[in-house]
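Order of the sequence lines sets the chain letters (A, B, ...), proteins ahead of strands, with each chain counted from 1.
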Amino acid sequence: MTALKPSSRTQRLLIGAALWLLAAPAHAVLGGSSASIVADRLHMAANERASQGPTFTIHALTLANGAVTREFARRDGVVFAVTWSGPSRPDLRQLLGGYFEAVQTASAPTGVRHLRRPLAISHGGMLLHAGGHAGHFRGAAYLPALAPAGFSVADLQS
Amino acid sequence: MKRAALLGRLSVLLALTLLAGCGGGGGGSSGSSSSGGTTTPVALTNFTTITVDAGPSVLAQGPNGYIEDNVAYVTITLCAPGSTTNCQTIDHVQLDTGSVGLRVFQSVLNATLLSALPNQTDTSSNPVGECYGFVDSYMFGSVRTADFSIGGEKVSSMPFQVAGDDGAFATVPSLCSSGSGTDLNSVVSLGANGLLGIGATTTDCGSYCTVAGGYGTAIYYDCPSSGCSTIIGRASAENAPYQQLINPIIGMPVDNNGSVISLPAAPAAGETSLTGTLYFGIGTQTNNTLGSAKVLTTTNSSSVNGAGFVSAVYNGQTLPDSYIDSGSSLYLFVDTTITPCTGDYMGYYCPASPLALSPTIQGTNGASASAAFTLYNAATALATNNSVTPGLGANPDVLNILNGYPNSFDFGLPFYFGRNVYTAIEGRVAGGATGPYVAF
C-alpha cells in the first residue's frame, strides 16, 4: 500500500499536470465541457442515453459489448464526474485526460511488498476509485470543486 | 541473499520431485479411476502441490528486491503441441481463482520451446494478441497453443498467453494501456513466472469478447507484423478447437468441473512458506469429494456484476459484491472502527491486538457459512521476512471519501489457510450441484 502515496517529487509533477489539464482539457471529459462527451461517444462508438438529476445531467454511454460509462455534467456542461462498469476498463486516458497519470503513479508498485489491489486516490483535486477483478471492473473519478449544489457522492452509486 | 539462494534450491528440488512424479505416475490423462466398478486401487494423479513462499528467486535480487506475500504457486509443464520431448517445467506460477486462463512470461520460456509454440491466428490469418486486465494492472502478449500439463492432468493444444512477447507484440496497443494500471510484462512485475487462472467461468472473456470493435482494454487483437491495433471478436468455445483462453480445468478429460484448494492453517506469527494441495475436479475422484462443505452458489456470467460473486454479511450489513479469490493476498474490506496502519503500511489494518471478526458468506442459493477469521497487525506481520501472513487486511477506501467499495468484501488467500475451498465452474455439475459455486 505504500504505492498509494506518491513521492513528493511525483506529487509536484502531478499537480503540474493537473493545472495543465484545467488550462487545456483537450479530449479529457473530466473537467471538460459537454462537447467532450460527444467526442467520447464517437471515440467509443457508444449509444448515449441522458437522464436528469436535480442540478446535473447523467450521460450513460453503453458500448456494443455492454460496458457502461456514465458522465455527470453540470447544467453549464462542465463534466465533474465519470463512472464505469463492465468486463474491461474504459479508455481512462481519454476519460481522465491529464489526471490519467495520477492513476498510473498510484498503480505502480513500490516498497518491499507488492500488492495488487483496488485504488483509492485523492490527488490534484480529483478523487478516484478503481476496483473489481479480472472480468468485472468498475470505478469512479470525481472533481468535488466542480460539483454543483444538489449533488452528493452517493449519486455516483446510482 | 542467503534466503534467495535457499529458495532457489528448494524450487529446483520441487521441480525435480514433480518431474519424477509425472514419470512414475504412468500417463497423466488416463483419468480412469472415476468410473471403475471394480475396487482395483488406482493411483490418483488429479492433484499437484501448492507452495506459498517468497516467489521466484529473481524477485529478491537487486536494490528493489522484494519477497512475495500470501501468493500461492504451482508448477506446470508446457510442451510443443504433439511433442513429448520439447517441453519445459515452470515453477512459481501463481494460482488464481480470481481470473481465468494460463499466462506465462516470454522471458521464462526457453528458445527451443518458444519457437515451436504456434500462434493462434484470426480470420485475416494474422496472429492473435490479448490484453487481459487486473484490478490495478494488465498483461499483454500473444496467444499461442501448447500441450499443458499439471500434476497428472493434461490439456492438448491449449491456448494460453505469452505475456511480454516480442515481434508484433512488442508494443502494447494504446487501447490496452489506456485502461490504466501497471504493465505486467516481467516476472518481477507480477511476482511469478506466470498466472494460472482457474476461476468461475469456462473462458476468459465469454460473450463480451465475441463482439468486434468497441474500445477500452478489451481484449483480443489482430496482430499483423506492423503491430496490434484492431480489436477482434473471438468465440468462447468450450471444446477444442478453442479460441478464447479457456479455464485450463475445462480441458481436462475427467476432472473438468472445478477444483479444490487445500492449505493447512498458518501460525499466528506467520511463517516463511506453506505447502498444500490443488485437486482437479469436484466429486470426480475419491480425493475431491465435497464431504461436509457447504455449497454457496455464486453469480453467473449474465449477472450485472459478472460471475463469481457472493454476498458477505459483515457487522449486520449485506455486501453483495464480495468474492473469494486466491489471487488476492489479503482481506479487503471497509471497517472504519478498526485501527488503520500509518506510514509505510497506510491502508492496512493495524489492530493493537488480534481481532476476531465474524463475516459470513451467503450464496445466491441462500445457503451461508461462517468465514470467521482473526485479523492481525499488518505492520508487525509485514516487517518480518514471512511470506505467509494470516489475518492480513486492508481498507481499500482509506484515501478518499468516495466510499467506492461499500458492497464488497474480498476474501483473499489468507481465507484459504486451514480450509478446503471448492471452486466449481459455471454450468458444470460438480458433486451434485451446478456451478458456479464456492464451497468450504
Query raised in the report: Where does B:V304 contact chain A at under 4.5 Å (heavy atoms): side chain, backbone, both or neither?
Result: backbone
Query raised in the report: Is a side-chain donor or acceptor of A:R89 paired with a backbone partner of B:V135 at a separation under 3.5 angstrom?
Result: yes
**Report entry** Residue A:R49 excluded, over 12 heavy atoms near CZ under 6.0 Å
**Finding:** no
Query raised in the report: Looking only at heavy atoms, what is the nearest atom pair of A:L92 and B:S180, with distance?
Result: CD1-OG, 3.5 Å
Query raised in the report: Which pair of heavy atoms, one from A:Q104 and one from B:G181, lies closest together, and at what distance?
Result: OE1-N, 2.6 Å
Query raised in the report: So do the side chains of B:S174 and A:R93 get within less than 4.5 Å of each other, counting heavy atoms only?
Result: yes
Query raised in the report: Under 4.5 Å between any side-chain heavy atoms of B:D321 and A:R138, yes or no?
Result: yes
Report task. Among B:S99, B:G98, B:G306, single out the residue with the greatest number of heavy-atom pairs under 4.5 Å to chain A. Result -> B:G98
